Structure formats: structure tokens, C-alpha cells
Number of protein chains: 2
Amino acid sequence: MNQHTRPTLDDVARAAGVSTATVSRCLNAPDRVIAPTRERVMQAVNALGYTPDFGGRALASGRTNTIGAVIPTMDNAIFARGMQAFQETLSSVGVTLLVASSGYDFDREAEQIRALAGRGADGLLLIGSARPATTYDFLRRRGIPYVLAWSLGDSADHFVGFDNRRAAEALATRVIALGHRDIAMIAGVTAMNDRAADRVEGVRAALRQAGRDPASLPIIEAPYSFEDGSNAFAALMQRVPRPTAVICGNDILAVGAIGRAKALGLRVPDDVSVTGFDNIDIAAFVEPALTTVHVPHRRMGVAAAQQLLQMIAGDTADARVEFGTEIVERGSLAAAPV
Amino acid sequence: MNQHTRPTLDDVARAAGVSTATVSRCLNAPDRVIAPTRERVMQAVNALGYTPDFGGRALASGRTNTIGAVIPTMDNAIFARGMQAFQETLSSVGVTLLVASSGYDFDREAEQIRALAGRGADGLLLIGSARPATTYDFLRRRGIPYVLAWSLGDSADHFVGFDNRRAAEALATRVIALGHRDIAMIAGVTAMNDRAADRVEGVRAALRQAGRDPASLPIIEAPYSFEDGSNAFAALMQRVPRPTAVICGNDILAVGAIGRAKALGLRVPDDVSVTGFDNIDIAAFVEPALTTVHVPHRRMGVAAAQQLLQMIAGDTADARVEFGTEIVERGSLAAAPV
DNA sequence: TTGTATGCGTTATCAA
DNA sequence: TTGATAACGCATACAA
């Protein structure tokens, strides 16, 4: 039984009869080593089961090949899908992903950002642009590359996202064009969430554009769950006149709304139309299928990873990558009842 | 404009007029430093905006305060929820989470395990027990603590999970007790997935127990999506005699099945019963609501984290933490049609 | 309670 | 192409 200490560069060097520098080169820049020696070294590496020590490498090189992400929560189909793509992309180039979650709380987010930066993350992925100036200050003082995703902002930061406001406006405009006059909205919680807030703004903009008073739009904010969507829908249906269309801030709320409509004996879309946002899998599967806004979550995850990798490599990356969205019309939206 | 190099322990020590050792102690064992000096040091730390360098710390201490997880995919409600809880628990004690995904592929999993171990992970979370001996060999040679979650196995490894087989058997037994004789199954893909395979085994065991031939059970394996569940259901409904109950390996497949049933004009549960597994949110929300097996995903995530932390700390941890599951009976399951 | 001194494993500079 | 050797920033055993 040998000692249970891992082999070091030195062990490999000795075994291969070369210097530690050569072993290091074999691993990091194989072309800077002549083939025969390289072969001998690699043999020793395999024989000893050598793997480079992370701490030593990080200390000496100043890089960790690690990227951090702070998202509101993994327990949300939207981020789950995007993060999966993000992780796959990083993994394909040998970078590993550190994840942390904020629970939609600015303080927690700042705390997690600090933690990941302290963990030596070479770059950071953050969601949206709404956060205190102090957090941005920290990011910049620290000089750590970061990308803001899932939305687009006005700042000079790097964005990889789509225009939540415009997409929501387009959808609402379509609803209005179908003759709906009594429109209501079930929004995601807008506090600390620019995506949700932008979607509300988009709907208001559409109303304004149609010569209606945005202030008259009944809105209920609801957490991301079927049940909350359902309850919000029930509350909205109490209004007089009863809305003929309910625009929801995301698909989960919309599915909750449709479920409640059925329970209330209301036909969708004959009595009331319902729309969602995100186009997650379930949108195509509810009955009736959901009219929603398609968002390319996976592509965004991939693009965010590429962007970040470029920034870390020191290459000049595009300031922003904007993805288009499109309205997917399905059975849950129809012309207003006459 | 000052140089953009981060302050080091030495800078803080100089600023506070103490040695680096004292600064280090202030950060790692504050009680070993007298209050006045500690105060002076912390002041310098804040003034300089000092944060310890990760590489240096990892190299000197041999620990990274980082735990890795290799899961099949984040894009699955089950793991997403459990991982969120796992991450929160780690975060609460200052440990950060490295995530990687295998895509249900043994080779990729082994690769990711290597990557995370190389990244200096102090411990590892893996899903299920089905993987090549070579992977376990690596884990043990490396001596890295690991926990297997979401299932229970026969080995001496540390498990945090539940008995997929027994839970599925209980559910199937209930289905049989309701008079169903023509039962079919839509299973998750069992290759490289012991959870899915165990659920199939459980159903077979129930049939055997009831004096039926398990080999006669029609089974279609389907990937984790509504659409695949839907298609599998349609195929099963072609059989003669037509099954009166379809047991699904997870809720997503079951919801897909229910959707197809409606499209085919079949009433659930009058014409055909459908059951799921996992009890994710949507199970309570489909129409009819899904009879399924409740699995405490969040609690498992928390327990897995605690287990791992104990193992890393060198405390003796329980060999296995088993969670109970329970059948949640809802509208999708009823007595067999007469 | 605090300081000194050493070593952790790697990368990178500079010579050879 | 390869080798010596000096950082890298921190934790810790030991001494004071």
C-alpha cells in the first residue's frame, strides 16, 4: 500500500527523466515538445495516474477555467433549459460551471456574485439588468468579465438576450387586433425582475398605441406557479365587465389560467382568450394549446457562453447579441366574442 | 489610477501593521486573534477591498470549498428542483456548486467526473447507481467523497434516495387492485438509467405478485417529453385488447398520454386510467389530475448536501438516507371499466 | 496572542 | 527543444 498522496508534476518528471517544465509543457502546449519525449512523458502521466492539481495551477496561471452563473433559480424551466445549453457549451471547451441562485433577491445576488468571484470564476453570467449600482460597482472594480442574459438593457454592458418589452407589445397588439377591448394581465412578479416588468410595459405600450389608457389595464402579479396563475385568473374573472382576453407574463401562469377557466366553466378561447410567454414544452400541450411568444432559450445559453469565453480570452466580443422572438399562435387565442 | 492587481495578504498585513499570519487567522479563525488587532485588520481588509485568492488558498489548504454534481441534465423538472435545494444548502455554509451533465451517457459522466475532480471538488454528487466499474474505480482511487442520489443501491456506497422499485410496485399493485387486467406501461428510457429500470421492475413485480405473467406487460420506452409520451400512448391503444390502464414511468410521459387520450376521444379514467411518477407541479394541474408517486425532491437535495458535507468534514455519515414515497391518488386512475 | 518561516504544485521566464 | 529557478498567495507548524 502506497501513501495516499496524489502524484505531482515532480513525480512524473522524475519517472520520465525530464524536468517539471517539460511535463507542464506536454500538458499545456504539446507542440512545444518533441514527439519522443512527449510520448515518454505521457506514458509516465498515465502510469502514475497523474492529474494536475487545481490549486497549484490556479495559483500559478491566475486562471481557473471556471465560469460562474447567478440565476434566480434552477427550478424554472426557462433557466433550466438555458443553463443546460450554457453548461454544455462551456464543457465542450473544458470550462466548468459554478452555479449559484439569488431567489430573485438583490442582496443574495450580490452575495453570490462575491462568492463566485472569490471562488476564482474567470467570468460571470447574470440574468437581466435590474440590480443595485453597488453590485455593478463591485463587478467593475473587480474587473471580472460578465454577461447579462435573458434581456437587453440600455447600459454599455454585454447583453445576450431579447427584447421582452417589444415581444410583449407585439403579442398584445395582436390581441387588440382581434377585437379584444376588455383585456387583463397576469404578470410575473416585477419587483427585482426586469424581464417581468418589461413584459408589463410592452402590454401597456400596445394599449397606448391603440389609443387606450394603459392605466386601465387590470394587472395581478403572481409567482411562477400554476396555482398562482389559476387564482389570479379567478380574481380577474370577477371583474365587470369580464375580460375577454388575459395576457399572462409566462406560460406557467397561462396554463394555470386555462385550468381555472375550465373549472369555472368558461370556454377558452370562445369565452376568454389566454396567452403565455416563453413557449416552453407545455405550451403546445395544454388544451387548448397556448398562444405564446417563442424564446430561443437554448440558443441564448450557447451564445452567452461563447460571448463570455471570448471576453475572457481577451477577444473583442460583440457588445450585445439580440435574439428575435416570434408569436406562436395556437388555440388559446381567438377573436373577441361579439 | 492604481495598478489593477488585487491586494494580497501581504498588502493587508502591511496596512494593518501585523504579519500575514495574523491576517490569515482573522479570516479563518477570528477567535484566535485578540479583538483590537482583529478590528484593525478587518478595517484594512475593507479599505483595500481584499478578498483571498482562491488558488493560493486551495493550494495551501488542500480544500476548495467546492462540491461538484454530475446530473443527467438540468433540463428536467426533477433534477432542477433537487439541485436547487442542493445548491441552497451548500451555499448556506459557504460551499459553492460545480455542475456538469452527462446526458444519460456513461462515458460523458466519467469524463465530467474527472473534470470536476480535477477542478478540485471536495466531494461529488452523482445520480443513481448504474455506471461502469471503471468509474467507481476512479472515484475510489481518487479517494474523493461521493454520494449517490435519487435511488438506492446494493453497494456499500452512500445513498440518499428512495426505492424506485418498491414505489412503482406499490402503485402497480393499486392499479391491479382496481380491477385492471390489461395494463401497459410507458417507461422512461432504461438504458443507463437505473431509476427508470427500477420502476419497470417494480411494475413487473406487482404483476408477478398478482399471479400474472410479467412478460406479458406491453412496454414502450420513451424519452422524457410530452410528445414521446403521447406517441407511445397512441401506439399502446392500438393493441387488442386495448389496455385499460397505462402506467407511466414519470409525470411528463403521463401528461403526454392523457393529452393523447383526449385527442383520441378516450375518456380518462372512464375508458383508460393513466398514472405518473414524481408528482411534479403539473401532475395536480392536468385534467384529470394525475395519480402519481410523490417524491420529496427538495428534501433529497438538502439531505444529499448535508451528507456530503459531513463526509468531507470527516464525520461519519449514515451509509444511506432513505426517503419514503407515497401514492397520490387523483382523478386519472379509477376502477377498470366493466 | 502574534510573528517567522516554510511548503503547497504549477506556470513562466530565462538560459543553455 | 529542454532545464533551472523564481514567483504565485496563502495556511500553518513552530517559535517567541
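Below, all heavy atoms of this structure are taken into account, side chains as well, without hydrogens, waters or symmetry copies. Everything numeric here is computed off the predicted structure, so don't read it as measured data.
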Across all chains, not counting sequence neighbours, the side chain to side chain donor-acceptor pair (under 3.5 Å) partners of A/R298 are A/E88

Find every protein N or O atom lying less than 3.5 Å from an N or O atom of nucleotides 9-13 of chain D, and list the pairs.
unit_1: D/dG9; atom_1: N2; unit_2: B/G56; atom_2: O; d: 3.4
unit_1: D/dC10; atom_1: OP1; unit_2: B/Y50; atom_2: OH; d: 2.2
unit_1: D/dC10; atom_1: OP1; unit_2: B/D53; atom_2: N; d: 3.0
unit_1: D/dC10; atom_1: OP2; unit_2: B/L9; atom_2: N; d: 2.5
unit_1: D/dA11; atom_1: OP1; unit_2: B/N28; atom_2: ND2; d: 3.0
unit_1: D/dA11; atom_1: OP1; unit_2: B/R57; atom_2: NE; d: 2.9
unit_1: D/dA11; atom_1: OP1; unit_2: B/R57; atom_2: NH2; d: 3.4
unit_1: D/dA11; atom_1: OP2; unit_2: B/S24; atom_2: OG; d: 2.8
unit_1: D/dA11; atom_1: OP2; unit_2: B/N28; atom_2: ND2; d: 3.3

Could you list the donor-acceptor pairs under 3.5 angstrom formed between side-chain atoms of residues 53-61 of chain B and any protein atom two or more places apart in sequence or on another chain?
unit_1: B/D53; atom_1: OD2; unit_2: B/G55; atom_2: N; d: 3.0
unit_1: B/D53; atom_1: OD2; unit_2: B/G56; atom_2: N; d: 2.7
unit_1: B/R57; atom_1: NH2; unit_2: B/N28; atom_2: OD1; d: 3.2
unit_1: B/S61; atom_1: OG; unit_2: B/R57; atom_2: O; d: 2.8
unit_1: B/S61; atom_1: OG; unit_2: B/R63; atom_2: N; d: 3.2
unit_1: B/S61; atom_1: OG; unit_2: B/R63; atom_2: O; d: 3.3

Within residues 35-46 of chain A, those residues having any heavy atom closer than 4.0 Å to DNA chain D are A/T37

Worksheet entry | B/R140/B/D157 salt bridge by N-O under 4.0 Å criterion | yes

Here the residues of residues 114-123 of chain B within 4.0 Å heavy-atom distance, strictly under, of DNA chain D are none

Rounding to the nearest 10°, end axes of the helix from C/dT1-D/dA16 to C/dA16-D/dT1 built from five pairs each make an angle of 30°

Residues passing the ring pair (Phe, Tyr, Trp, His ring centres under 6.0 Å) test with B/Y146, sequence neighbours excluded, are none

Closest non-hydrogen contact found for B/V160 with B/A304 is CG1-N, 3.8 Å

Counting C-beta onward and ignoring hydrogens, is there a side-chain heavy-atom pair between A/L116 and A/L124 closer than 4.5 Å? yes

When A/L125, A/L97, A/L308 are each screened for side-chain contact (heavy atoms from CB on, under 4.5 Å) with A/L90, the one that passes is A/L97

Residues at least two apart in sequence or cross-chain that pass side chain to side chain donor-acceptor pair (under 3.5 Å) with B/Q43, listed by chain then number, are none

Start with the C-alpha gap between A/L9 and A/Y50, add the side-chain angles, then the distance that decides, and say whether side-chain contact (heavy atoms from CB on, under 4.5 Å) holds. CA-CA 8 Å; A/L9 255 199; A/Y50 169 78; 3.6 Å; yes

Scanning both residues in full, the closest heavy-atom pair of B/P72 with B/S101 reads O-CB, 3.6 Å

Min and max contacting nt of DNA chain C in 5' to 3' order, chain A heavy atoms within under 4.0 angstrom, are C/dG9 to C/dA12

Applying ring pair (Phe, Tyr, Trp, His ring centres under 6.0 Å) to B/F159 and not counting sequence neighbours gives none

Hits for side chain to side chain donor-acceptor pair (under 3.5 Å) against A/R131, two or more places apart or cross-chain, chain-then-number order -> A/E109, A/Y136

Closest non-hydrogen atoms of A/T73 and A/F79, given as atom of the first, atom of the second and distance, are O-CD1, 3.6 Å

Which is it for B/Q306 and B/V321 under the side-chain contact (heavy atoms from CB on, under 4.5 Å) test, yes or no, and what are the steps along the way? CA-CA 11 Å; B/Q306 291 169 336; B/V321 179; over 6 Å; no

Sorted by chain and number, sequence neighbours left out, side chain to side chain donor-acceptor pair (under 3.5 Å) with A/S91 holds for B/Q112

